[in-house]
Amino acid sequence: QHHVDLSDSRQGRTESVDLGNGNDLRVEISDALSEKERVKFTIRTVTSLVPRFARPEFSVIRTHEEFAWLADRLAENVEYAGCVIPPVPPTPDFSSSREKLARLGEGESSMSKEEYDKMKSELEAEYLATFKKTVAMHEVFLRRIAEHPKLREDDIFKVFLEFDKDLSVRSKNKREMVQGFLKTGWKTVDDAILSTQKEKDEFFEAQKRFITVFYGHLRSALSEADRMNRHYKATADTYIRVSACASACTKFERDDGLAEFLSSFAEFCERYRKLEGRTASDSDLKLADTLHYYVSDCNSAKDLLYRRARALADFESANKELEKARAKGKAVQKAEADQEAAFNTFNTISEAARAELISFKQRWVAYLHKNLTELAELQIKHSRGQVQLLTQTLERLRQG
Amino acid sequence: MEKSSDNSEDDIFAETNETVDVEDVDLNSSGAGVSTPAATAAPAPAAEKLEPSAPPAAASAPPAAASAPAAPPASNSSSGGPSKLELPASLAFEYLLTVRVTNPEKIGDGMGAYVAYKVSFSTTIPAFGRPEGSVRRRFSDFLGLYEKLHEKYLRDGFVIPPKPEKSVVGATKIKMSKDSVDEDHFVERRRAQLERFLVRCSDHPVLRMDPDFREFLEHDGDLPKSSGTRALSGAGVMRVFSSIGSSVQRMTYKMDETDQWFEDKNQEVHQLEEHLRRLHSSIEALVNHRREYGCMAEQFAGSANMISSVEENTNLSFAFTKLAETEERVGRLQIEQADSDYYGLAELLHDHLAMLESVRASLYERVRAYKTWKDAEMALTKKREEKVRNELGGKADKAAACEAATRELEGQVERGQEAFDKISATVRSELERYDLRRGYELKTAIVASLEHQLRQQQCVLEAWEAYLPEAKRILAA
């Protein structure tokens with residue numbers, strides 16, 4: 001079980017940029033508890049919208065499944081067809097940390113106690129970082145809903161925030177899983193629609209083109225950023241071994257000068273790896289995580305384009321039905337009504353989508369600005385630290 | 001003339017060479033006989049390769065420590081020349097001898113093709129014909145030199161620098177960066193090994209004066225094809241058998257060690273080997289991870305560029321281009337550092353593990369000398385007993401024969417003890433010298449690695465500092 005104190009980590013968390021719905025509904029994850037198989041988030045809401053909510057301040061405990069449930073409910077609501085639905089946060093996954101810990105346990109006999117302890121505390125730090133990240137992602141998800149003019153009014157969202165008993169959300173049973181697969185099946189059909197549909201509107205044409213190509217590049221950039229950071233972290237961690245070996249050598253060296261030299265070197269390795277480790281994890285946070293989120297969000301934007309495309313397809317087929325009806329002279333009124341309804345649906349979605357996609361872009365420009373700037377600042381800070389440590393160490397080693 | 005067969009039982013005083021008397025060179029000195037504390041400097045090799053794109057990276061950050069272990073960390077082209085680590089006084093010489101191995105060049109085509117290296121030297125040693133010069137040598141020439149030195153000097157307890165490896169590639173698992181050619185890497189590894197071998201010989205008080213060594217450096221034109229390196233030559237086969245024999249002997253003969261220094265030393269060597277091995281493997285892991293990191297960073301840069309090309313927002317697009325540039329630069333710097341640490345640290349440690357084999361061989365030669373001496377003692381005792389038996393049994397002429405044999409054996413015992421004492425002294429001073437040397441080489445290599453890292457890290461810092469304004473500009477109008 002892991003209880004995480006989040007009060008001090010507010011600064012480091014991925015925060016969505018508030019584009020201005022004021023502070024009348026503030027949502028945060030104030031606590032999180034990691035139990036064997038699941039994480040329990042404590043969500044605290046502070047609001048001035050009192051008639052709508054029962055109290056100005058309240059908390060509930062939710063699991064990841066309940067977040068996923070909320071995301072699904074929002075996504076399937078046709079009212080929000082013209083919105084970019086905030087992407088569901090990734091499932092909390094500690095498997096890689098657990099694996100590494102297991103591997104460390106296996107190798108315990110082949111390394112010194114010092115080395116083992118250091119690697120263990122490094123892994124624990126990693127675990128904690130993963131934990132904080134998942135909390136941040138879940139919080140961002142809720143915040144975006146709270147900031148979205150339409151979604152924040154949603155009743156299910158209200159229930160999610162307020163209802164202080166278990167939502168009894170069971171994970172998808174077989175039937176729902178199959179439905180999920182079918183939905184993905186539709187997606188590929190949607191892909192085809194998206195690419196072949198004739199688009200008169202230049203704005204949406206450009207959006208389609210952009211998102212599909214862009215998405216692909218984003219995903220490869222993301223996977224490379226991840227690999228890059230993994231190796232960087234591995235490099236940093238290997239310094240623990242080097243440090244331990246250098247330390248071990250000092251124990252039997254007859255030459256005092258050399259022993260001291262090696263001991264200084266061992267100490268250097270230990271301090272240096274902390275810096276490199278931090279650089280790696282900051283790169284992970286500011287670069288890779290940003291890209292992860294960008295990918296999820298682009299996915300949501302894509303979903304929006306699909307929905308609009310489907311509505312357009314529906315409208316076009318309603319048109320054809322109307323023509324047929326007029327040609328046959330039968331049930332023309334109904335056909336006209338259907339066509340008008342389809343047109344309205346399409347139009348509503350299209351207009352909403354236009355606004356959503358523009359604000360999506362604005363949001364991302366701002367978010368990238370923030371994170372890339374912070375990335376550069378942190379890299380500079382750590383680099384300076386490394387340069388300083390190297391300079392100091394060299395002085396010391398040369399003297400001895 | 002030297003004896004070429006390995007007969008340890010007779011004539012322990014076989015002259016190893018004509019021109020150098022071992023006593024003249026002060027092996028136990030701690031500064032005696034040294035007028036200038038000059039280090040024998042073999043500066044960093046200019047990175048001249050077969051292909052310009054070969055690793056390690058070229059002139060900007062030469063792998064200073066990859067070259068002569070005695071080289072002070074200052075590399076020719078480094079900015080802000082770092083202060084040199086002081087060479088322990090007892091390792092320095094009155095006369096300088098610098099050697100370098102450069103310009104690997106492929107000669108010929110097809111089956112008969114080989115690589116020739118330029119071997120150059122510069123010296124103030126009077127025995128050399130001229131103060132500097134260069135020749136072309138191939139790998140088998142180096143092996144031949146090693147065999148000769150090994151044969152001449154090992155039995156007196158000298159620690160011979162490790163033999164250049166025949167198969168360099170399969171020795172350790174190296175993952176190369178995507179754009180480096182395996183062949184270039186192999187050649188560079190070999191070149192560096194050959195250079196370290198020659199430098200270590202040139203830094204050895206006895207080996208540097210050896211005429212075969214001198215001929216290797218000075219003789220213009222090809223050396224006689226060294227027969228010892230061909231697999232099926234008579235001498236080669238003999239050598240294989242004798243070396244097998246000695247390793248078996250090593251295991252079975254237990255020496256009665258009275259000298260505590262040697263008792264401790266044996267333990268130490270064992271421990272040292274274990275620790276060096278671990279250190280070596282951890283450094284290799286470090287180098288590999290760093291290299292992977294660098295390669296991935298370069299790949300990421302490619303993707304970032306793709307993103308930039310699609311991005312419509314000009315500022316954002318530009319920011320991604322700049323990010324790509326930065327990560328590519330950082331990636332390149334990391335790869336350079338990995339390479340430098342590989343040649344400078346990992347290979348050095350690998351060398352020292354091989355050196356420990358030589359150390360063991362020397363220690364074993366001492367044990368052999370002991371055995372010879374003690375065997376002679378036993379034979380003497382038996383002979384004396386035999387003589388007494390003959391005398392008591394009234395066999396006067398047999399007794400007389402025994403008397404003669406006894407005299408002979410007494411001489412052998414005396415010589416045996418002298419030889420043992422002499423080799424003990426040699427081995428001891430060699431090992432002390434080697435310890436100092438190892439310490440010096442390790443310190444120099446670590447300092448060089450850190451200096452290289454410092455330079456790289458300063459470049460990384462500059463790269464990110466250049467990027468920051470670009471990131472900030474994303475929100476500019």
Side-chain angles (χ1 to χ4, degrees), chain A residues 206 210 213-214 216-218 220-225 227-232 234-239 241-242 244-246 248-249 251-255 257-258 261-262 265 268 272 280 287 361 364-366 368-369 372-377 379-380 383-384 386-387 390-391 393-394 397-398, chain B residues 82-83 85 268 271-272 275-276 278-283 285-286 289-290 292-297 299-300 302-304 306-307 309-313 315-316 319 323 326-327 330-331 334 435-436 438-439 442-443 446-447 450-451 453-454 457-458 460-461 464-465 467-468 470-472 474-475:
Chain A
F210 174 72
V213 179
F214 188 75
H217 293 319
L218 207 54
S220 19
L222 173 61
S223 92
E224 276 147 15
R227 293 212 313 267
M228 170 178 99
N229 286 322
R230 256 210 313 277
H231 282 291
Y232 196 12
T235 309
D237 287 344
T238 313
Y239 271 104
R241 264 175 82 185
V242 176
C245 291
C249 284
K251 295 204 180 99
F252 64 88
E253 262 303 336
R254 282 194 197 181
D255 176 1
L258 183 59
F261 183 94
L262 287 175
F265 178 61
F268 159 79
Y272 196 67
L287 187 58
K361 195 59 195 198
W364 271 99
V365 170
L368 282 169
H369 169 261
L372 291 179
T373 308
E374 283 173 3
L375 172 71
E377 283 168 352
Q379 298 286 44
I380 290 173
S383 266
R384 288 213 180 111
Q386 283 172 318
V387 166
L390 282 163
T391 312
T393 307
L394 277 169
L397 291 180
R398 284 202 202 114
Chain B
S83 58
L85 275 191
E268 235 180 75
Q271 273 186 312
L272 181 61
H275 286 101
L276 274 188
R278 286 220 193 111
L279 187 61
H280 176 246
S281 115
S282 70
I283 297 270
L286 182 66
H289 279 304
R290 194 180 286 286
E292 278 297 311
Y293 163 47
C295 293
M296 282 299 116
Q299 279 200 293
F300 171 76
S303 295
M306 295 300 290
I307 291 180
S309 67
V310 179
E311 177 57 62
E312 298 159 336
N313 179 318
N315 288 343
L316 207 47
L323 180 65
T326 309
E327 288 287 1
V330 169
Q334 296 288 348
D435 271 346
L436 269 181
R438 185 186 73 251
L442 205 58
K443 284 197 222 175
I446 289 177
V447 167
L450 293 185
E451 281 171 353
Q453 265 194 39
L454 177 59
Q457 204 54 47
Q458 277 164 336
V460 168
L461 176 59
W464 284 109
E465 281 176 338
Y467 178 70
L468 182 58
E470 306 300 339
K472 287 192 170 149
I474 292 176
L475 278 186

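No hydrogens, no waters, no symmetry mates; every other heavy atom, side chains included, goes into these values.
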Worksheet entry | Full working for side-chain contact (heavy atoms from CB on, under 4.5 Å) between Arg384(A) and Glu465(B) | CA-CA 10 Å; Arg384(A) 288 213 180 111; Glu465(B) 281 176 338; 2.9 Å; yes

Practice prompt. Show your reasoning for whether side-chain contact (heavy atoms from CB on, under 4.5 Å) applies to Ile283(B) and Thr238(A).
Written response: CA-CA 8 Å; Ile283(B) 297 270; Thr238(A) 313; over 6 Å; no

Item to complete: Assess whether side-chain contact (heavy atoms from CB on, under 4.5 Å) is satisfied between Arg438(B) and Glu253(A), documenting all intermediate values.
Response: CA-CA 11 Å; Arg438(B) 185 186 73 251; Glu253(A) 262 303 336; 2.8 Å; yes

Item to complete: I would like to know whether Leu323(B) and Leu375(A) meet side-chain contact (heavy atoms from CB on, under 4.5 Å); could you show each step before the answer?
Response: CA-CA 10 Å; Leu323(B) 180 65; Leu375(A) 172 71; 4.2 Å; yes

Item to complete: Could you please spell out the steps behind the side chain to side chain donor-acceptor pair (under 3.5 Å) verdict for Arg241(A) and Ser281(B)?
Response: CA-CA 9 Å; Arg241(A) 264 175 82 185; Ser281(B) 115; 2.7 Å; yes

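Only the side chain of Lys361(A) comes within contact range of chain B, with heavy atoms under 4.5 Å apart. Looking at Leu394(A), only its side chain comes within 4.5 Å of chain B, counting heavy atoms on both sides. Proximity to chain A (any heavy atom under 4.5 Å) is shown, for Glu470(B), by neither the backbone nor the side chain. For Leu454(B), the parts lying near chain A are the backbone and the side chain together; criterion is any non-hydrogen pair under 4.5 Å. Only the side chain of Phe265(A) has a heavy atom closer than 4.5 Å to any heavy atom of chain B. For Leu222(A), no part sits under 4.5 Å from any heavy atom of chain B, backbone or side chain. For a residue to count as touching a neighbouring chain, one of its non-hydrogen atoms must lie under 4.5 Å from one of that chain's; by this rule Ser223(A) does not touch chain B.
Here CG of Leu316(B) is found 7.5 Å from CG of Leu372(A). Values are rounded to the nearest 0.5 Å. Atom CE of residue Met228(A) and atom CD of residue Gln299(B) lie 11.5 Å apart, to the nearest 0.5 angstrom. Expressed to the nearest 0.5 Å, how far CZ of Arg398(A) lies from CG of Leu450(B) amounts to 9.5 Å. Atom CH2 of residue Trp364(A) and atom CD of residue Glu311(B) lie 11.5 Å apart, to the nearest 0.5 angstrom. Note: Leu368(A) CG to Ile474(B) CD1 = 6.0 Å, rounded to the nearest 0.5 Å. Of the inter-residue distances, the one linking Thr393(A) atom OG1 with Glu451(B) atom CD reads 12.0 Å to the nearest 0.5 angstrom.
Considering all non-hydrogen atoms of both residues, Met306(B) and His217(A) come closest at CE-CE1, 3.1 Å. The two residues Ser383(A) and Leu461(B) have their closest heavy-atom pair at CB-CD1, 3.6 Å. Smallest separation of non-hydrogen atoms from Thr235(A) and Leu286(B): O-CD1, 3.4 Å. Minimum interatomic distance between Tyr467(B) and Ala376(A) (heavy atoms only, all atoms of both residues): CD2-CB, 3.8 Å. Pairing each heavy atom of Ile446(B) with each of Phe261(A), the nearest pair is CD1-CE2, 3.8 Å.
In this structure the side chain of Arg278(B) never reaches within 4.5 angstrom of the side chain of Cys249(A), judged on heavy atoms. Between Tyr272(A) and Gln457(B), some side-chain heavy-atom pair lies under the 4.5 Å cut-off. In this structure, Phe300(B) and Arg227(A) have side chains that are not in contact, with every pair of non-hydrogen atoms separated by 4.5 Å or more. Using a 4.5 Å heavy-atom threshold, the side chains of Glu377(A) and Lys472(B) count as touching.
The choice from Ala471(B), Ser282(B), Gly302(B), Ala285(B) that makes the most heavy-atom pairs within less than 4.5 Å of chain A is Ser282(B). When each of Val387(A), Leu262(A), Leu287(A), Asp237(A) is checked for heavy-atom pairs under 4.5 Å with chain B, Val387(A) comes out on top. No other option in Val330(B), Asp435(B), Leu272(B), Leu436(B) has as many heavy-atom pairs under 4.5 Å with chain A as Leu272(B).
In this structure, Tyr293(B) and Tyr232(A) have parallel ring planes: the angle between them is below the 30° cut-off, well short of the 60° mark.
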